[in-house]
Amino acid sequence: MIYIQLFLSFLQIGLFSFGGGYAAMPLIQGQVVTTHQWLSMSEFTDLITISQMTPGPIAVNSATFVGIKIAGIGGAFAATAGCILPSCIIVTVIARLYLKYRNMDLLQGVLQSLRPAVVAMIASAGVSILVTAFWENADKITILNTNWTLVVLFVLAVFAIRRFKMNPICVMVLAGVVKVIVSFAGL
């Protein structure tokens, strides 16, 4: 039964996550944190971090991680299969249609109208992750409750990526090293 639940939950995510892994984050959060409560919000944030650090698409990595946590290797296969099945089918159909009708103005208009919705989904996921990172409890967002070390690390990471065009993996590794050093220093 849990295999079917994992498959169906990630089938929904795979079916409706237009725009890639970042756009899928609110859907993944809705399924694994809110609906089924397989993960806490803190675990979900860790899941996103791990999914970004490992090779492959974020949604597929997330499905595999959640599947293993909930039901072992079988759960990983069920969740991952559910996540990728819609893409395999939809991309095959769309590729055929796109190649045939790619010059139509109607098709180009539809593609342009989807972009703002995808940006909104990515922004929503980003805000949820920021809230979880800076404040342990999203219900108590105050200046006194803010983890300022993580806020400073976030600002430095954004600056390093945007200004110096640093590789995001290097920035993540450096942020982890800095956080370990700060923790040992007792700050």
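Since this is a predicted model, take the numbers as computed values, not measurements.
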For this session: Check the pair Lys69 / Glu43 against side chain to side chain contact (heavy atoms under 4.5 Å, CB included), numbers first and verdict last.
Result: CA-CA 11 Å; Lys69 183 177 186 314; Glu43 289 173 318; 3.5 Å; yes
Problem set entry | Working for side chain to side chain contact (heavy atoms under 4.5 Å, CB included), residues His36 and Ser9 | CA-CA 9 Å; His36 297 289; Ser9 291; 2.9 Å; yes
For this session: Decide side chain to side chain contact (heavy atoms under 4.5 Å, CB included) for Met53 and Ile169; before the verdict, give the C-alpha distance in whole Å, the side-chain angles of both, and the deciding distance to 0.1 Å.
Result: CA-CA 7 Å; Met53 290 173 50; Ile169 294 171; over 6 Å; no
For this session: Take Val66 and Gln31, measure what side chain to side chain contact (heavy atoms under 4.5 Å, CB included) needs, and give me the verdict at the end.
Result: CA-CA 11 Å; Val66 171; Gln31 286 291 326; over 6 Å; no
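Note: the hydrophobic cluster containing Ile50 also contains Leu39 (ILVMFWY, side chain heavy atoms under 4.5 Å, direct or indirect links). Clustering ILVMFWY residues whenever any of their side-chain heavy atoms sit less than 4.5 angstrom apart, transitively, puts Met1 in a cluster other than the one holding Trp38.
A search for side chain to side chain contact (heavy atoms under 4.5 Å, CB included) contacts involving Ala81 returns Phe7, not counting sequence neighbours.
Here CD1 of Ile90 is found 9.0 Å from CG of Leu85. Values are rounded to the nearest 0.5 Å.
In this structure a side-chain-to-backbone donor-acceptor pair under 3.5 Å is present from Thr35 to Gly30. Between the side chain of Thr92 and the main chain of Cys88, a donor-acceptor pair closer than 3.5 Å is present. Using modelled atom types, no side-chain atom of Asn61 and backbone atom of Gln52 make a donor-acceptor pair closer than 3.5 Å. Side chain of Gln108 to backbone of Arg102: a donor-acceptor contact under 3.5 angstrom is found. Side chain of Trp135 to main chain of Thr142: a donor-acceptor pair is present (N/O by atom type, distance under 3.5 Å, no hydrogens or angles).
Residues Phe159 and Phe164 place their aromatic rings such that the two centres sit under 6.0 Å apart.
Within 6.0 Å of the CG atom in Leu99, the count of heavy atoms belonging to other residues, nucleotides or ligands exceeds 12. Residue Met166 qualifies as enclosed at atom CE: its count of foreign heavy atoms under 6.0 Å is above 12. The environment of Phe77 atom CZ is sparse: at most 12 non-hydrogen atoms of other residues, nucleotides or ligands sit within 6.0 angstrom.
Contact check for Phe10 versus Val32: side-chain heavy atoms found under the 4.5 Å cut-off.
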